> 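Let me give you the structure first, and then I'll get to my questions.
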4 protein chains.
Amino acid sequence: MKKINTQLVAKQQGRILLAAKNCFFKNGLTKTTMRDIATEADISLGNIYRYFENKNSLIRAFIEKDNQEIDRAFALLDDANNFKTLLEYIIKEFISELSRKAEMCIYLEALVLGLRDGDVLSLLKLDNSEQSLKTSLQKASKDKRIELIVSAELAALIIMGFVEKAAVKCIADPKYSVRKANKQFKQCLKTLLR
Amino acid sequence: MKKINTQLVAKQQGRILLAAKNCFFKNGLTKTTMRDIATEADISLGNIYRYFENKNSLIRAFIEKDNQEIDRAFALLDDANNFKTLLEYIIKEFISELSRKAEMCIYLEALVLGLRDGDVLSLLKLDNSEQSLKTSLQKASKDKRIELIVSAELAALIIMGFVEKAAVKCIADPKYSVRKANKQFKQCLKTLLR
Amino acid sequence: MKKINTQLVAKQQGRILLAAKNCFFKNGLTKTTMRDIATEADISLGNIYRYFENKNSLIRAFIEKDNQEIDRAFALLDDANNFKTLLEYIIKEFISELSRKAEMCIYLEALVLGLRDGDVLSLLKLDNSEQSLKTSLQKASKDKRIELIVSAELAALIIMGFVEKAAVKCIADPKYSVRKANKQFKQCLKTLLR
Amino acid sequence: MKKINTQLVAKQQGRILLAAKNCFFKNGLTKTTMRDIATEADISLGNIYRYFENKNSLIRAFIEKDNQEIDRAFALLDDANNFKTLLEYIIKEFISELSRKAEMCIYLEALVLGLRDGDVLSLLKLDNSEQSLKTSLQKASKDKRIELIVSAELAALIIMGFVEKAAVKCIADPKYSVRKANKQFKQCLKTLLR
DNA sequence: GATGAATGAGAATTCATTCAT
DNA sequence: AATGAATGAATTCTCATTCAT
C-alpha cells in the first residue's frame, strides 16, 4: 500500500468505503467478501489492497466513518434550545435504525472485532456515541438548558444502554416495537433529567 | 428396545460443552472450529456429532446452559427481603463477569448468531436475562418489597442495558472500572425504584 | 463374519435384508447408511457386520433376492394359455413399479455397482429379467402358444429395453404416463409376436 | 466496465471439462472428487469454482457437451437419402461407445443424478437421444424417405431402449458382442419401419 | 495504477467400519 | 452374540490474499 497521489487515494478509498457500507448493510461484516466489495465498487479485487491493507483495516475505516456521522447527530444538541425534544428525536432515529437487523448485526460485529483487536478498539473510542452524548449532556447542563438528576456520564450510559437493548428487543420480540421503545424512552428520560 | 445410555450421553455432552467453553473463551464462537473442540475434549471429531447435531446446536446448548445460570441468579431475588441489596450484588457479579473480554465477546457473538439465525435466537429467548429480571421485579413490586418508579419492563430494560454498556466500557476504557460501574449502578437504581 | 448357527444366520440376514429394502426404497442405495439399516432392522450397527461382510455385499444380497421375485413373475408365463395378455399384465406391473423414482434409482444404482464391481455383476446375471423373459418366450414359442416374429432373445431385449426407457420417461416427462406406456407396449408387442 | 475474458473462460472450462472427462471415465461421476479433477487439470482446487459453480453444474456441463455430440449425429439423418443404412451406422457407433464400461457407468450415474436432482434432469432433457431420434424419424417419414410401422415416438423409444439394453449386455455377457447387437438391431429395425 | 486469475489453507459434516465391553 | 461408541479419512466449497501482466 504505497500512497503517492493523495487525491486519488482519497477518492478511491471513499469509493471503496461506500461500496463496503452497502455490502455490510446487506450481509453483515463477516459475510461480506472482498470480492463483493470490489464488485459493488466496480473496481478490481486486487486494487482494493492498494488502498486498504486488508479486510480488517477496511472495516476499521468503515467504523471510523460511521462514528463521525453519529458525532454529527449528537452535535446538533449543542445548540438546541429544547434539548429534550431534540434528544428524543435523535434517539428515535437511532433506535429506528439500529432495530433493523442488518444495522444491529454490523454494530455488534464491529463491537466484537473491536474488543478482540485493540486497533479497532482505539477507533471505537469506547463506544463513540456514549462519549458524544455525555459531552452534549454536560454542555446542556452547564448552559442550564437541562437539569441532570444523575451525572452526565451515567445518563449517557443509561441512555445508550437503553437504545441498544430496546433495538435488540425490537428485532427479537415480535410484541415489542419501535413505537413502544420511543414511549419507554420518554419515561426513561424523565428519571434522568428535568 | 433402544437403550439410550443417558448417563454416557450426559457425561459426553458435558465434556464437549466444557471443552467448547474453553475454546470459545480462547478464540470466540466463530473462530473456534469443531476440530479445536474435539482436540480439547480429547475426543474424535466425528464423535462430537453423535452428541450435537452441528456446530450451531452446540453453541445453542452452550448458551442455554449459560442462561440457566443467569436465571438461577435472578431467581434468588424472589425470596429476598432486601431486594435492592441483593440485586446490587447480583448485578455486580454480572458486570464483573461480562467485563471480561472473552465473556463479552461470546455474549455478543451469540447475539449476532441469534439475530441472523432464528434458531439460536429462540434460545436466547430474547435476552433471557431481561425477562428474568422483569419477572423478579414484578413479583417484588406485588409483594411490596420494592416500589417501582417506572414499569417493571422498562426498569429491566434499563438495568440490563446499563450492565452491558458498563461492561463494554470496563473493557474498552482503561479509566473505567468495575468498581465505578457498581457505584453508578446504585445511582441508576435510585432513579428506578424505592 | 463367522457363520455357526445357520438358523440364526438366516433369520438375521432376512431381517437385515428386509430393513435394507425399506431403506433403499426410501433413499436409494447410496444414500442409505448402515446406521439407517440397523435402526430399521432394530438391530445394533455392529451386528450387521456379523451377517454381511460390508455394505457392498449386503447390496449384492439384496439384488439377488430382488431378482428372484422377478424370476417368479416371469415364471407365471410358462403355464399361461393366453400368454400375450398375461405378459401385458406383467409388463404393466413392471413399468408401474419401475416408474417410481425410488425403484428406478435403485435399479440404476445397482446396475452401476454391478458394472463396476464384477461380483455384483455375476449376480445381476446380466440383467436377470431379460434372461427370464427370453426363456419364457422360448417355451411359449415351442408350445405354439405364441408365434415369434423375431428371435426370443431379441424380443426379450426389445421388451426389457422398452420397459426401462418407458419407465424413465414416466418419471422425467410429465406428458408421458404409465397409461400411455401400456398402450405403446401393446403396439410394440404386435411387432414382435402374433 | 466489466471485462469478462471470454476466451480464457472458454479455454479453462474446456480444460476442466476435459480433465473431468478423464476422471469420470476412470472412476465414475460419483467417485471422482473435485480435487481429482483439479489435479488432472493441473489447476488449483479453488480455481475450478471460478469456472463452475459446483460439482453438479460441472457434471451438467459435461453431459450437455455429450448430448450435443449425440444431437449432431442424429442430425445427419435429416438429409440422408438412405435413412435406414445411416441409422444403422449411427446406432452401431452408439452401441460401440456405450458398451464400454466407463461410458455406460457415466451414462447411468448421470441418469440417477438426473432422477434425484431436477437440475441435472432438465439437461438430460428426458434422454435427449430419444427426442432427437424421434424428430429425425418424423421428418424422414414426412419426406417419404421411410415408412413407419409404429409411431415415431414409439419407434424412438424402442430403438433407444434396445441400444441401452444391448450395450449393457455387451458389457455383462461375455457371449454377447457389439457385432451381434448390430445384427439384432437390423432385425429390430425391420419390425419398425420399411 | 489496475486487473482479475490463481492459490490453497481451512471449515463443517458424513459414514463405513472397528472393537472394547 | 450383540452392542453402539468411537474413529478419522474423505468431501465439497469458501475466501483473503498474492502476483504476473
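Sequence lines set the chain letters: A, B, ... in the order given, protein chains first and strands last, and positions in each chain run from 1. Any value given below was found using the heavy atoms of this structure, including those in side chains, with hydrogens, waters and symmetry copies removed. Everything quoted here is computed from the prediction, not taken from an experiment.
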> Using a cut-off of strictly less than 4.0 Å, decide whether Asn47(C) has a side-chain nitrogen or oxygen near OP1 or OP2 of dT3(F).
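So the side-chain polar atoms of Asn47(C) do come within 4.0 Å of the phosphate oxygens OP1 or OP2 of dT3(F), strictly under.
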> Check Lys21(A), Arg15(A), Lys26(A) against Glu40(A) for a salt bridge (Lys or Arg N to Asp or Glu O under 4.0 Å) and give me the one that passes.
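Checked Lys21(A), Arg15(A), Lys26(A) against Glu40(A); only one passes salt bridge (Lys or Arg N to Asp or Glu O under 4.0 Å): Lys26(A).
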> side-chain contact (heavy atoms from CB on, under 4.5 Å) with Phe24(B): which of Thr30(B), Leu29(B), Leu17(B)?
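Among Thr30(B), Leu29(B), Leu17(B), the one meeting side-chain contact (heavy atoms from CB on, under 4.5 Å) with Phe24(B) is Leu29(B).
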> Using purine N1 to pyrimidine N3 plus N6-O4 or O6-N4 for Watson-Crick, or N1-O2 and O6-N3 for G-U wobble, both under 3.5 Å, which nucleotide pairs with dT3(F)?
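Per the H-bond distance test, dA20(E).
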> So, is Ser44(D) close to the dT7(E) phosphate, meaning a side-chain N or O under 4.0 Å from OP1 or OP2?
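Indeed, a polar side-chain atom of Ser44(D) lies that close.
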> For Thr33(B) and Glu53(B), take the nucleotide of DNA chain E holding the closest heavy atom to each; which residue's nucleotide lies nearer the 5' end?
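Of the two residues, Thr33(B) wins.
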> Please answer whether the main-chain N or O of Val112(D) pairs with a side-chain N or O of Glu109(C) as donor and acceptor at a distance below 3.5 Å.
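Looks like no, no N/O pair under 3.5 Å.
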> By nearest atom, which of the nucleotides dT17(F), dA2(E), dT14(E) is closest to the Met34(A) side chain?
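Of the options given, the side chain of Met34(A) lies nearest dT17(F).
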> Look at the side chain of Gln12(B) and decide which nucleotide, out of dA6(E), dA6(F), dA12(E), has an atom nearest to it.
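Selected nucleotide: dA6(F).
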> Regarding Thr30(D), tell me which of base, sugar-phosphate or nothing describes its non-hydrogen contacts under 4.0 Å with the strands shown.
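Since no nucleic acid heavy atom lies under 4.0 Å of Thr30(D), the category is nothing.
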> Can you see if the side chain of Asn54(A) gets near the phosphate of dA16(F) - specifically, an N or O under 4.0 Å from OP1 or OP2?
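It does not, given that no N or O in the side chain of Asn54(A) lies less than 4.0 Å from OP1 or OP2 of dA16(F).
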> For Thr33(B) and Asp36(B), run side-chain hydrogen bond (donor to acceptor under 3.5 Å, both in side chains): C-alpha distance rounded to whole Å, both residues' side-chain angles, the deciding distance at 0.1 Å, then the answer.
CA-CA 5 Å; Thr33(B) 71; Asp36(B) 289 341; 3.3 Å; yes
> May I ask you to say what Tyr51(B) touches in the nucleic acid, namely base, sugar-phosphate or nothing, with a heavy-atom cut-off under 4.0 Å?
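Since only primed, P, OP1 and OP2 atoms lie under 4.0 Å of Tyr51(B), the category is sugar-phosphate.
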> What nucleotide, of dA2(E), dA16(E), dT3(E), holds the atom closest to the side chain of Ile43(A)?
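Side chain of Ile43(A) sits closest to dT3(E).
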> Could you tell me the separation between the CG atom of Asp36(C) and the P atom of dG4(F), rounded to a whole number of Å?
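After rounding, the reported distance stands at 16 Å.
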> Assuming nearest nucleotide by heavy-atom distance, tell me which of Gly46(A) and Leu45(B) is located more 5' along DNA chain F.
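Taking each residue's closest nucleotide, the earlier one in sequence belongs to Leu45(B).
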> Starting from the 5' end of DNA chain F, give me the residue, Lys55(D) or Leu8(B), whose nearest nucleotide shows up first.
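The residue whose closest nucleotide sits nearer the 5' end is Leu8(B).
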> Determine yes or no for a side-chain-to-main-chain donor-acceptor pair under 3.5 angstrom, with Lys101(B) supplying the side chain and Ile171(B) the backbone.
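Here the side-chain-to-backbone pair does not exist.
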> What is the base-pairing partner of dG8(E), counting Watson-Crick and G-U wobble geometry with both distances under 3.5 Å?
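Base-paired to dC15(F).
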> Closest to the Arg50(C) side chain: dA16(E), dG10(E), dA1(F)?
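That would be dA1(F).
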